[in-house]
There are 4 protein chains.
Amino acid sequence: MARPRSAAADRAILDATRSALVELGWSRLTMADVAARAGVAKTTLYRRWPGKSEMVVDAVAVLFDELELPDRGSLQADIEGVVLSFAALVSRPEAKTSLMAVVAESTHRPALRDRVRSAIVDRQKHLVLQGRARAQARGELPPDKGDAEHTRRTVDLIFDVVAGTVVHRCLVSDEPVDETWARTFALLLMGGLAAVSG
Amino acid sequence: MARPRSAAADRAILDATRSALVELGWSRLTMADVAARAGVAKTTLYRRWPGKSEMVVDAVAVLFDELELPDRGSLQADIEGVVLSFAALVSRPEAKTSLMAVVAESTHRPALRDRVRSAIVDRQKHLVLQGRARAQARGELPPDKGDAEHTRRTVDLIFDVVAGTVVHRCLVSDEPVDETWARTFALLLMGGLAAVSG
Amino acid sequence: MARPRSAAADRAILDATRSALVELGWSRLTMADVAARAGVAKTTLYRRWPGKSEMVVDAVAVLFDELELPDRGSLQADIEGVVLSFAALVSRPEAKTSLMAVVAESTHRPALRDRVRSAIVDRQKHLVLQGRARAQARGELPPDKGDAEHTRRTVDLIFDVVAGTVVHRCLVSDEPVDETWARTFALLLMGGLAAVSG
Amino acid sequence: MARPRSAAADRAILDATRSALVELGWSRLTMADVAARAGVAKTTLYRRWPGKSEMVVDAVAVLFDELELPDRGSLQADIEGVVLSFAALVSRPEAKTSLMAVVAESTHRPALRDRVRSAIVDRQKHLVLQGRARAQARGELPPDKGDAEHTRRTVDLIFDVVAGTVVHRCLVSDEPVDETWARTFALLLMGGLAAVSG
DNA sequence: GCCTAATCGAGACGGTACGTCGGGTCTTGCG
DNA sequence: CGCAAGACCCGACGTACCGTCTCGATTAGGC
C-alpha cells in the first residue's frame, strides 16, 4: 500500500552476508555486522528472514545456481566434471563454513530443513537425472524399466553417494579434490552403477 | 607434586555431556548445564577443554569405539553390517545433533579439526583395512600390489564414500538406513571396488 | 533519532540499588541482583554506569539532597542540627555500607573520585556557606574580609572537620551521635571558629 | 608438637602484601598474587589469617608503630606535628588504598572491626592522652577534674576530630596536608579545646 | 639419629560474580 | 508506512578470585 520493500536492500544484505562469511566464518558472523555492512538496520534483516540460518541459506543458495552438467561425451567424463565443480563450490569459503552449520541447525528445525532442501539440495538433484538421461541416450545405461519407485531410490542413492563423498572429502578429510581423485571416484561410481543397474 | 586431576570428574563430565546432548541437542547445550549435571564447577570444564566443541568431540568419540566389523562370511555382508551399525551410531541423538556442528566449527579451527580427526575419524579407518584384509584372505579382492601409496589412496576413498554417503543419507536426506538400502549400497560399493581394483 | 533511554528504568535501577544495599550491604550487592529487582537486563546497567561503584554513588547521592539547614536561631544550634541530621544520613544502612567502600575504591580511580565529589561531597558544601552567611547576618561571625581565597580555605576546613569527624564517629568509632555529643562537638567547633576567624 | 610455623614466611607475606598494595591497590590485590610474591603457597596465607581483610590489616598495622608525639614545646606545636605525621602515614599508598576498604568491610563483620580497632585505631589513641598530659603539665590545659567519664568522652571527641578531619582531607577531599593547613587546623583545635575544657 | 606429625609448595576443586557478546524484539522519529 | 538507529530483555559466554581440598615432599621436635 505504502512504501515497497527495497530490492536493492535484499541484494546488499545477501552480498554482505557472503562477504562476512568469507571474512569471519559462520560462527563469528553477526546479524548486526551484516546489517552494518549492508548499510541497513537489523530490523530490516528480521523483516525478511526468521533468523541467521535462513538468511545464510539464501545467501549461499545462489552459489549453487552456477552448477551445470556440460556434455563431455561420456558418463565417466560427465561424472568427473560435476564432481570437480561441486567440490569447487563446496570448498568456497562462504559455503565451507556455513553448509555444515546450517545442516546441523536444521537437525531440529523442520522449517529450516525444508528451506535447505528446496534452496540447496534439490537444486542439485536434477543434475543426477540429467546425467542419467544423457547416459541412457548414449546407451551407457539401460533405459528405465518403468518402475518409478525403483528409479527414485537409485537416483537418491547416487545423489547421497556423490554429494556425501565429496562433502566428506572436502570438509572432514580436508583433502583436495583434483582430477586424479575425481577420475578414480568416477571409475568407482561407474562400476557401482553397473552393479546396481544390471 | 600437586593434586592430580580427578578422573572421576572426567567421566562425570563426559557422561553429563552425552545426556545433555540427548535431552537438549547441541545448540541448547550449555557449559553451565553440563557442569551442574556432572556436579562440577564450570572452571573444571575449561581446565580440561578449550570450549564446548572440544568437550563434545571427546564425549561423542567414545561412542565410536563400539564400532566393530564382525565376520559375516562375505565382503558384501561385511559392508552391509558396518553400514547398518555406522548408520545406527550416526543416528543416535547424541551424535546426530553434534557431529555436523562440530565439523562446521572445525572449518575455521585447525586444532579442533585435528581433534575430530584423531578422536573420531581415524579411529574408524582400521575397519576399512580390516575388511579389506579379510576379503583378500577370502579371495574376494586381489592381494596388495606392494604400492603402499596406492593402497592408502584407495582406503581413503572407500572411507570417504562409506562415511560420507551414510552421513549424508542420515543427516541431510534424513532417510532411513534399513537393510534394503544397505544391501543396494553395498552392491554399488562391490561394483565400484571391482572397478577400481581391477 | 533512535530510541531514547528509559527514564523509568533509571529510577527503578536506583531504587533497586538502594533496597539491595539495605538488605545485602555493599559487598553482597550484585549487578545481576539489582537488575533482577529493577526488572531490567544487566546490559542496561552497564549501558548507564561503568560499574557497581559508580551506580551506587548515584543511588546514594540522592539521599544527600534532603539535607537542609533550618534556621534554629543561633550558630551553635544550627551546627548541632546539621550534625545530627548528617549523622542520621550517614548511619542509614544504604549509606553506611557503601560510602567507605566507594571512597576506598575511588582512591585509585580518578573518574570515580570526581563522581563522588560532584555527586555527594560538593552537594553539601553550600550548607557551610549558608550557615556562615546566616551567622554573619546575626553578628555571630565577623563579615568577610574580601579575601576569597582565605574564605574558601576556611570553608573547606570547616567542611573537612564536620564531615570527617561525624563520619569517623559513626563508621570507625561506631559510637552514637546523640544530642549530647552534638552539643559538645558544636561547642568545640564554635571555639575553633572564633580562634581561626579572630 | 612437631614443626613450628615459619617466621620468615610471616615476614615475607606481610612485605609482599604491602608491596602488592602499593602496586595494585586494595581491589586488585589477590591472595594468589601475594602468595606468589612471598614465594609461599596460598594455604600458608589461610593458615595464618581468615581472609584478605585481616591479612591486610596486619600488614598495614605495623606502619602505625612509627607514629610518635615528640615534645615540640607547646600544645599547638605538638598538634601540628602529629597531624603532619598522621597525614603522611594515611597518604602512603599502602594505607591509602586499604584503610577505607577495611573499615568498609568491617561495617558488617564485628571480628574484623575488633582487629582494626586493636591493631590500628587504639594504637593512636594513646597519643591524644600523652599530648593531653603533657599540655596539662605545661599548664596549657586545666588538670583532670576526676570525672573519668567526662575525660574519656573528651578524649574520644578529640580523637574523632583529629583522625576524622585528616582522613577526610586526605582521602575524600584529596587536598594536601601541609604546614599551613596543619597550623590552621591546630589553631582551630586549640580554640575548640579551650571551649570544651572551660 | 631415627620416628612422626604438622607445615610446606603446588595447584585442582566448587562456588559466585564479573563484564561482554549475540540473538531477536520494540520504540522513536525521519523521509 | 518503511526504514536506520539503537535501547531493550534474555541467556550464555569465558575469566577471575575466593577459600577449601588433596597431594607428596620437607622439616623440626620428642624419644
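Within every chain, numbering begins at 1; the chains are lettered A, B, ... in the order of the sequence lines, protein sequences first and strands thereafter.
Checking D/Arg5 against B/Asp10, the closest nucleotide of DNA chain E that is more toward the 5' end is the one next to D/Arg5. Position along DNA chain F of the nearest nucleotide to B/Leu29 versus B/Ala2 favours B/Leu29 as the more 5'-ward residue.
Residue contacts shown for B/Ala32 are limited to sugar-phosphate atoms, with no base heavy atom under 4.0 Å away.
The distance between atom CG of A/Leu24 and atom C1' of E/dC21, rounded to the nearest whole Å, is 14 Å. Separating the CD atom of A/Glu105 from the P atom of E/dG23 is a distance of 12 Å, rounded to the nearest angstrom. The interatomic distance linking C/Met31 (CE) with E/dT20 (C1') rounds to 13 Å, in whole Å. In this structure, the CZ atom of C/Arg28 is 18 Å from the P atom of F/dC18, given to the nearest Å.
To the nearest 0.5 Å, atom CG of residue B/Leu29 and atom CG of residue B/Leu24 are 6.5 Å apart.
Checked for salt-bridge contact, B/Asp174 and A/Arg117 miss the test: no charged N lies under 4.0 Å from a carboxylate O. Ion pairing of B/Asp58 with B/Arg115 is present here, as a side-chain N (NZ or NE/NH1/NH2) and a carboxylate O approach within less than 4.0 Å. Ion pairing of C/Glu23 with C/Arg37 is present here, as a side-chain N (NZ or NE/NH1/NH2) and a carboxylate O approach within less than 4.0 Å.
DNA chain E lies under 4.0 Å from at least one heavy atom of each of the following residues of residues 33-57 of chain C: C/Lys42, C/Thr43, C/Tyr46.
Residue C/Arg3 has its side chain nearest to F/dC8 when only E/dG23, F/dC8, E/dA6 are considered.
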>> Between D/His108 and C/Ser27, does the side chain to side chain contact (heavy atoms under 4.5 Å, CB included) criterion hold? Intermediate values first, please.
In response: CA-CA 10 Å; D/His108 44 94; C/Ser27 64; 3.3 Å; yes
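Both tests hold for D/Lys52 against D/Trp26: distance to the six-membered ring centre under 6.0 Å, angle to the ring axis within 45°.
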